[in-house]
Amino acid sequence: MKIATVVGARPNFIKQAMVSRVLREKYKEILIHTGQHYDFELDRIFFDQLEAPLPNYNLRVGSGSHAEQTAEALIRIEKVLIKEKPDWVLLYGDVNSTLAGALAASKLQIPVAHVEAGLRANNKKYPEEINRVFTDYVSSLLFAPTKQAVLNLEIENITTGVYNSGDVMYDAVLKYGKVAEKNSKILEDHDLTPGEFIVATIHRAGTTNNCKKLSSLIEAFKRIGEQIIFPLHPRTEKALRKYNLMVNKKNINFIKPVSYLDMLQLVKTARMIITDSGGLQKEAYFLKTPCITCLEEDVWPETTAAKANRLVGTETEKILEAYSKSYESIKDAEEFGDGQAAQKIVSILEKGN
Ligand code: UD1
């Protein structure tokens with residue numbers, strides 16, 4: 001069995017590294033990196049730290065509008081698939097590269113398998129929602145990370161080929177949490193004391209491209225007053241500079257994007273997380289750190305139902321209100337599987353072939 005895997009952006013690399021390791025014990029994997037993310041801090045460092053195989057193809061699509069990025073990736077992926085003739089195309093998550101992979105493979109009638117299937121924000125204003133709905137629609141195997149994700153697919157009458165595999169990001173946290181504890185120097189580098197700081201990340205285009213929303217978030221962070229460490233996505237940094245929001249930064253420490261191990265260590269030792277990232281909400285939950293999510297829609301209801309994560313959007317007062325509340329202590333993340341999701345995915349692929 002020959003699998004072509006398509007990845008393109010930071011969160012894909014973590015998930016793919018976990019599955020790839022198991023997959024390559026028995027099967028041939030061709031790794032196609034679209035090049036959607038290309039900065040060292042957003043790309044190569046993840047392959048190095050997760051000891052992942054380097055891509056066989058880097059298609060170097062880079063940045064652009066959604067149409068430009070997706071179209072370039074589509075054209076270049078198609079060429080590789082025609083040459084390689086894989087039995088399956090394996091896709092991850094909901095980024096533009098995932099959509100391009102889904103389109104290229106389905107039009108060539110190569111079966112698609114989707115890891116992290118069935119997530120829904122139920123709001124098509126998010127580009128990720130369009131990417132995940134389309135990818136699920138054309139997939140023959142759908143690896144849902146939770147029971148809720150299976151139910152979301154059922155509502156859309158997608159029931160064939162659906163498996164609750166557990167979440168490969170949970171596998172990754174279980175495997176690399178201890179490695180991070182041992183190897184990460186992030187606390188020393190930034191003079192941080194465990195339990196005495198907050199980690200913030202914001203990267204959604206809908207927020208970073210909106211001066212009002214971004215200002216409202218920064219205002220909340222300043223009024224919180226506690227030490228906040230804020231790794232910056234490149235677009236967020238550009239927007240903060242453009243709107244002059246990096247001056248008078250008070251308690252906020254803006255830093256470069258951090259590696260996977262450094263982020264795990266930060267999340268594990270922080271008193272709280274404030275984020276608009278789907279992945280970080282989950283990592284906070286896995287590592288038992290309370291979280292405030294600056295989004296309106298709930299993609300991970302498992303974390304909000306457990307009252308470990310509060311969904312508040314971007315208004316200053318709402319963030320401050322969530323900040324002042326108490327958070328229940330977090331139990332083990334059993335809704336996300338048992339840390340063996342990658343093994344399950346590979347054995348289902350094997351049978352599906
Ligand atoms: C993408 C995903 C998002 C995911 C995020 C993780 C889509 C629609 N969105 O968003 O779901 O949470 O990745 O980070 O695919 N840039 C650089 N260097 C890079 C990559 C990007 O400077 O290596 C800058 C460019 O200015 C670019 C902007 O970031 O225009 C946005 O990058 P892009 O790949 O379009 O999407 P993300 O916002 O990172």
Salt bridge check, Glu350 against Lys26: does any charged N sit closer than 4.0 Å to a carboxylate O?
yes
Using only heavy-atom distances, determine whether the side chains of Tyr57 and Lys83 contain a donor-acceptor pair under 3.5 Å.
yes
Between Val89 and Gly101, what is the shortest heavy-atom contact and its length?
CG1-O, 4.4 Å
Within the 4.5 Å heavy-atom criterion, are Met246 and Leu232 side-chain neighbours or not?
yes
Given 3.5 Å as the limit, does a donor-acceptor pair link the side chain of Thr293 with the main chain of Leu295, or not?
no
Are Leu31 and Val95 connected into the same hydrophobic cluster when the rule is that any two of I, L, V, M, F, W, Y join if their side-chain heavy atoms are below 4.5 Å apart?
no
NZ/NE/NH1/NH2 to OD/OE distance under 4.0 Å, Glu296 and Lys318:
no
Going by atom types only, do Ser20 and Glu29 share a side-chain donor-acceptor pair under 3.5 Å?
yes
Say whether Thr201 and Thr275, considering side chains only, have a donor N or O and an acceptor N or O under 3.5 Å apart.
yes
Measure from the side-chain N and O atoms of His190 to the backbone N and O of Leu192, and report whether any donor-acceptor pair falls under 3.5 Å.
no
Go through Ile3 and Thr5 one step at a time and tell me if the side-chain contact (heavy atoms from CB on, under 4.5 Å) criterion holds.
CA-CA 6 Å; Ile3 314 275; Thr5 297; 4.0 Å; yes
Cluster overlap Phe40 with Ile14, hydrophobic side-chain contacts below 4.5 Å:
yes
Ion pair present between Arg10 and Asp43, side-chain N to carboxylate O less than 4.0 angstrom?
no
A side-chain contact here means heavy atoms from C-beta on lying under 4.5 Å apart; do His114 and Asp136 qualify?
yes
Got a sec: does the CG of Asn248 have more than 12 other heavy atoms crowding it under 6.0 Å?
yes
Would you check if Leu240 and Ile218 make a side-chain contact, meaning some heavy-atom pair closer than 4.5 Å?
yes
Salt-bridged, Lys288 to Asp332, with N to O below 4.0 Å?
yes
Donor + acceptor pair across side chains of Tyr323, Glu226 (<3.5 Å)
yes
Applying salt bridge (charged side-chain N to carboxylate O under 4.0 Å, His left out) to Asp262 and Lys256, what does each step give before you reach the verdict?
CA-CA 12 Å; Asp262 285 345; Lys256 280 181 154 307; over 6 Å; no
Check the side chains of Tyr176 and Glu51 for a donor-acceptor pair under 3.5 angstrom, ignoring hydrogens and angles.
yes
Quick one: are Val7 and Thr34 in side-chain contact, heavy atoms under 4.5 Å?
no
Any salt bridge linking Asp48 with Arg44? Criterion: basic side-chain nitrogen under 4.0 Å from a carboxylate oxygen.
yes
If you measure from OH on Tyr137 to CG on Leu153, what distance do you get to the nearest 0.5 Å?
13.5 Å
Of the non-hydrogen atoms in Leu349 and Leu23, which two are nearest, and what is the gap between them?
CD1-CD1, 4.2 Å
Between Pro290 and Ile273, is any pair of side-chain heavy atoms under 4.5 Å apart?
no
Is it the case that the side chain of Asn12 and the backbone of Ala9 share a donor-acceptor pair, with hydrogens and angles ignored and the cut-off at 3.5 Å?
yes
Given side-chain contact (heavy atoms from CB on, under 4.5 Å), test Glu219 with Glu317 step by step and report yes or no.
CA-CA 10 Å; Glu219 175 64 16; Glu317 296 305 327; over 6 Å; no
Between Gln227 and Asn251: side-chain donor-acceptor atoms closer than 3.5 Å
no
Using a distance-only test with no angle check, is there a side-chain donor-acceptor pair under 3.5 angstrom linking Ser216 and Glu315?
no
Could you tell me which non-hydrogen atom of Ala270 sits nearest to which non-hydrogen atom of Thr289, and how far apart they are?
O-CG2, 3.4 Å
Keeping the roles fixed (side chain from Ser277, backbone from Leu280), state whether a donor-acceptor pair exists under 3.5 Å.
yes
Taking it one step at a time, do Leu287 and Leu264 satisfy side-chain contact (heavy atoms from CB on, under 4.5 Å)?
CA-CA 8 Å; Leu287 293 164; Leu264 285 186; 4.0 Å; yes
Restricting to non-hydrogen atoms, name the atom on Val199 and the atom on Pro231 that form the minimum distance, rounded to 0.1 Å.
CG1-CD, 4.3 Å
Once you round to the nearest 0.5 Å, how far does CG of Leu266 lie from CD of Glu283?
11.0 Å
Joint cluster assignment, Met18 & Val22, ILVMFWY side-chain distance < 4.5 Å
yes
Looking only at atom types and distance, does a side-chain atom of Glu116 sit under 3.5 Å from a main-chain N or O of Asp167, one as donor and one as acceptor?
no
Does NZ in Lys125 sit with more than 12 non-hydrogen atoms of other residues, nucleotides or ligands closer than 6.0 Å?
yes
When you measure from the side chain of Glu302 to the backbone of Glu335, do you find a donor-acceptor pair of N or O atoms at a distance under 3.5 Å?
no
Heavy atoms of Val150 and Ala144 approach each other most closely as CG2-CB, 3.7 Å
Pairwise distance NZ(Lys147) to CG(Asn152) - rounded to 0.5 angstrom
13.5 Å
When you look at Cys294 and Ile274, which way does the side-chain contact (heavy atoms from CB on, under 4.5 Å) test go after all the steps?
CA-CA 7 Å; Cys294 305; Ile274 307 180; 3.6 Å; yes
Using a 3.5 Å distance criterion without hydrogens, assess whether the side chain of Thr304 forms a donor-acceptor pair with backbone atoms of Pro301.
yes
Report whether Leu261 and Phe286 are members of the same hydrophobic cluster (ILVMFWY, side-chain heavy atoms less than 4.5 Å apart, transitive linking).
yes
Check: Asp39 side chain, Glu41 main-chain N or O, donor-acceptor pair, under 3.5 Å:
no
Could you pull out the closest heavy-atom pair between Gly93 and Lys15, with the gap in Å?
CA-NZ, 4.3 Å
Kindly state whether the ring of Trp300 and the ring of Phe336 have centres lying under 6.0 angstrom apart.
yes
Taking the inter-plane angle between the rings of Phe13 and Phe47 on a 0 to 90° scale, is it parallel (under 30°), tilted (30 to 60°) or perpendicular (over 60°)?
tilted
Do any N or O atoms from the side chain of Lys2 and from the backbone of Glu84 form a donor-acceptor pair under 3.5 angstrom?
yes
What's the verdict on salt bridge (charged side-chain N to carboxylate O under 4.0 Å, His left out) for Arg271 and Glu196, showing C-alpha distance, side-chain angles and the deciding distance?
CA-CA 6 Å; Arg271 204 185 65 71; Glu196 293 185 10; over 6 Å; no
Measure the CG-NZ distance between Asn183 and Lys178 for me, rounded to the nearest 0.5 Å.
13.5 Å
For the side chain of Gln69 and the backbone of Gly62, is there at least one donor-acceptor N/O pair under 3.5 Å apart?
yes
Look at Glu128 together with Lys124 and state whether they make a salt bridge at an N to O cut-off of under 4.0 Å.
no
Give, for atom CG of Leu74 and atom NZ of Lys79, the distance between the pair rounded to the nearest 0.5 Å.
10.0 Å
Answer yes or no: is there a side-chain heavy-atom contact under 4.5 Å between Phe254 and Lys249?
yes
ILVMFWY network linking Tyr243 to Val247, side-chain heavy atoms under 4.5 angstrom
no
Evaluate the salt bridge (charged side-chain N to carboxylate O under 4.0 Å, His left out) criterion for residues Glu156 and Arg120: first the C-alpha distance (whole Å), next the side-chain angles of each, then the deciding distance (0.1 Å), finally the verdict.
CA-CA 11 Å; Glu156 294 171 18; Arg120 293 294 181 266; 2.7 Å; yes
Could you measure the distance from the OG atom of Ser259 to the CD atom of Gln49? Nearest 0.5 Å is fine.
3.5 Å
